[in-house]
Amino acid sequence: MLADTERQGMRVLIPGDAQWPAGVDALGDGAPVALWAKGDIGLLSRPVWDRLTVTGARASTAYGEHATTELVQSAVADSRVVFSGGAYGIDGAAHRAALASDGATVAVLAGGLDRLYPAGHTDLLTRVGQEGLLLSELPPGAAPTKWRFLQRGRLLAALSGTVLIAEAGYRSSTLHIAARAAELGRPVGAIPGPVTSATSAGCHRLLRDGLAAVVTGYDDVRELLHGVRDRAHRAVRERAGLESDPLDAGPSAQGRDLRGPVL
C-alpha cells in the first residue's frame with residue numbers, strides 16, 4: 001500500500017509527524033490513525049486559528065454561492081487556509097473562490113485520493129491537489145459511503161478554528177459538522193438567508209438554537225478566529241503557570257465563554 005501511495009504522489013501522515021495537523025487529536029478515541037495527503041502538506045502546519053472550514057448545501061442557490069465567494073476571497077486576503085469537502089454546491093464554490101484568489105485551500109474527501117468524488121469535480125479537485133492539498137483518512141481505493149461522509153464531517157470540524165455554514169436545509173447533513181465543531185469548542189458561524197428560503201432553514205435553525213453566531217461579513221469571521229487564537233494563547237499562559245492577564249479577570253470578562261478549544 002505504501003508503494004502505491006508513493007507512486008501516486010501521496011504521503012501518509014501519522015500522529016507524531018511534524019506535519020500532523022494540530023486539532024485532530026481533539027477527537028480523542030475518534031481521531032484518525034493516519035491521513036493520506038496529496039499536495040502542499042505545509043498547509044497543515046498553519047495554526048488552527050488560521051484555518052477556516054466553509055461548507056453548506058449541495059443544492060446551493062446563487063445567493064449562497066455569492067456570499068461564499070465573497071467571504072472566501074476576504075479570508076484568502078487575510079491569509080487564511082480554506083477547508084471544505086469538495087462536494088457540489090457551497091463546497092465547490094469555496095474551493096473555486098480560493099483558487100481564483102491565488103489562496104490556499106484543502107479538500108477533505110470521504111474516499112481514497114485516487115478516486116476523486118464527485119466525478120463532476122474531478123478537474124476542480126485535481127487542481128486543488130496541484131495548488132493546495134487533498135486530504136483523506138482513507139487509503140487509496142476506498143470508496144465514499146454515507147458513513148464515511150459523516151466521518152469526514154468530524155475532520156472538517158476538527159481541522160479548523162472556525163466552521164462557517166453558508167447554506168443548509170433544515171435537516172442537512174452539514175448540520176452534523178456544526179454540531180461536531182460545537183462539541184470540540186470550535187465556534188460556528190452561519191450566514192442568514194431569506195426567511196422564505198428552505199436552503200437557509202438549517203442556518204436559521206443553528207442561529208435559533210444558539211449553536212452559531214450570525215455572519216454577515218468577513219469581520220464576523222475574523223472575530224471568531226481571533227477568539228480561538230486568544231483562548232489558545234490564554235491556555236498556554238495558564239499551563240506555563242504565568243499570571244493571567246489582569247483584563248481576563250475584569251468585569252468585561254464576565255459572561256464570556258472562556259473555554260478554550262482543545263488544540
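Side chain of Arg154 to main chain of Gly30: a donor-acceptor pair is present (N/O by atom type, distance under 3.5 Å, no hydrogens or angles). Checking side-chain atoms of Arg46 against main-chain N and O of Val81 turns up no donor-acceptor pair under 3.5 Å. Using a distance-only test at 3.5 Å, with no hydrogens or angles considered, no donor-acceptor pair links the side chain of His204 to the main chain of Val195. Side-chain atoms of Thr105 come within 3.5 Å of backbone N or O of Val82 as a donor-acceptor pair. In this structure, Thr122 contributes its side chain and Ala119 its backbone to a donor-acceptor pair below 3.5 Å. No donor-acceptor distance shorter than 3.5 angstrom exists from the side chain of Asp209 to the backbone of Leu211, with no hydrogens or angles considered. For His95 (side chain) and Gly86 (main-chain N/O), a donor-acceptor pair under 3.5 Å exists by modelled atom type. The main-chain N or O of Gly120 is found under 3.5 Å from a side-chain atom of Tyr88 such that the two form a donor-acceptor pair. Panel note: side chain Arg180, backbone Gly153; no donor-acceptor pair is recorded below 3.5 Å. With hydrogens and angles disregarded, a donor-acceptor distance shorter than 3.5 Å links the side chain of Ser84 to the backbone of Val54.
No side-chain heavy atom of Arg11 sits less than 4.5 Å from a side-chain heavy atom of Trp36. Side-chain atoms of Thr55 and Phe83, non-hydrogen and from C-beta on, never get closer than 4.5 Å to each other. For the pair Ser173/Phe149, no side-chain contact is recorded, criterion being any heavy-atom separation below 4.5 Å from C-beta on. Put simply, the side chain of Val188 does not reach to within 4.5 Å of the side chain of Leu224, judged on heavy atoms. Within the 4.5 Å cutoff, the side chain of Lys38 has no heavy atoms near those of the Gln130 side chain. You'll find the side chain of Pro32 reaches within 4.5 Å of the side chain of Leu155, heavy atoms only. Counting heavy atoms from C-beta on, the side chains of Val228 and Pro187 come closer than 4.5 Å. Thr145 has its side chain within reach of Arg148: a pair of non-hydrogen atoms, C-beta onward, lies under 4.5 Å apart.
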Check the pair Leu159 / Val24 against side chain to side chain contact (heavy atoms under 4.5 Å, CB included), numbers first and verdict last.
CA-CA 6 Å; Leu159 282 164; Val24 172; 3.6 Å; yes
Output, in order, the C-alpha distance, side-chain angles, deciding distance and verdict of side chain to side chain contact (heavy atoms under 4.5 Å, CB included) for Leu44 and Leu13.
CA-CA 11 Å; Leu44 299 177; Leu13 305 176; 3.6 Å; yes
Evaluate the side chain to side chain contact (heavy atoms under 4.5 Å, CB included) criterion for residues Asp78 and Leu225: first the C-alpha distance (whole Å), next the side-chain angles of each, then the deciding distance (0.1 Å), finally the verdict.
CA-CA 11 Å; Asp78 200 27; Leu225 290 168; 5.8 Å; no
Run the side chain to side chain contact (heavy atoms under 4.5 Å, CB included) check on Leu156 and Val163 step by step: do they pass?
CA-CA 8 Å; Leu156 284 169; Val163 171; over 6 Å; no
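Cation-pi geometry between Arg152 and Tyr117 is not satisfied (NZ or CZ under 6.0 Å from the ring centre, within 45° of the ring normal). Under the 6.0 Å distance and 45° angle rule, Arg205 counts as a cation-pi partner of Tyr170.
Here the OG1-CZ distance, from Thr162 to Arg222, works out to 12.5 Å after rounding to the nearest 0.5 Å. Separation of atoms CG (Leu109) and NE2 (His121) is listed at 11.5 Å; rounding is to 0.5 Å. With rounding to the nearest 0.5 angstrom, the OG1 atom of Thr69 is 8.0 Å from the CZ atom of Arg96.
At a cut-off of 3.5 Å, with distance as the only test, no side-chain donor of Gln19 or Ser45 sits close to an acceptor on the other residue. Donor-acceptor pairing under 3.5 Å is recorded for the side chains of Thr216 and Asp220. Ser60 and Glu65 share a donor-acceptor pair across their side chains, judged by distance under 3.5 Å alone.
Ring orientation note: the planes of Trp49 and His233 are nearly perpendicular, at an angle over 60° on the 30°/60° scale.
The cluster map of Ile, Leu, Val, Met, Phe, Trp and Tyr, joined by side-chain heavy atoms under 4.5 Å apart, puts Leu138 and Leu116 in different clusters. Both Leu206 and Leu184 belong to a common hydrophobic cluster when Ile, Leu, Val, Met, Phe, Trp and Tyr are linked at side-chain heavy-atom distances under 4.5 angstrom. When the side chains of ILVMFWY residues are joined at heavy-atom separations under 4.5 Å, either directly or via intervening members, Val221 and Val48 end up in two distinct hydrophobic clusters. Connection of Leu124 to Leu113 is established within a shared hydrophobic cluster, with ILVMFWY side chains joined at heavy-atom distances below 4.5 Å, either directly or through further cluster members.
With Ile41 as reference, Leu133 is the one residue of Leu133, Asp17, Leu135, Leu35 to meet the side-chain contact (heavy atoms from CB on, under 4.5 Å) rule.
Considering all non-hydrogen atoms of both residues, Ile14 and Ala34 come closest at CG2-CB, 4.2 Å. Minimum interatomic distance between Ser200 and Gly193 (heavy atoms only, all atoms of both residues): OG-CA, 3.4 Å. Heavy atoms only, all atoms of each residue included: Leu175 and Gly169 are closest at CD1-O, 3.9 Å. Counting all heavy atoms, side chain and backbone alike, Leu71 lies closest to Gly217 at CD2-C, 3.5 Å. In terms of heavy-atom proximity, Gly103 sits nearest to Val76 at CA-CG1, 3.4 Å. Taking each heavy atom of Val72 and Ala98 in turn, the nearest pair found is CG1-N, 3.5 Å.
A salt bridge between Arg58 and Glu167 is absent, with no side-chain N of the basic residue lying under 4.0 Å from a carboxylate O of the acidic one.
At most 12 heavy atoms of other shown residues, nucleotides or ligands fall within 6.0 angstrom of atom CZ in Arg171.
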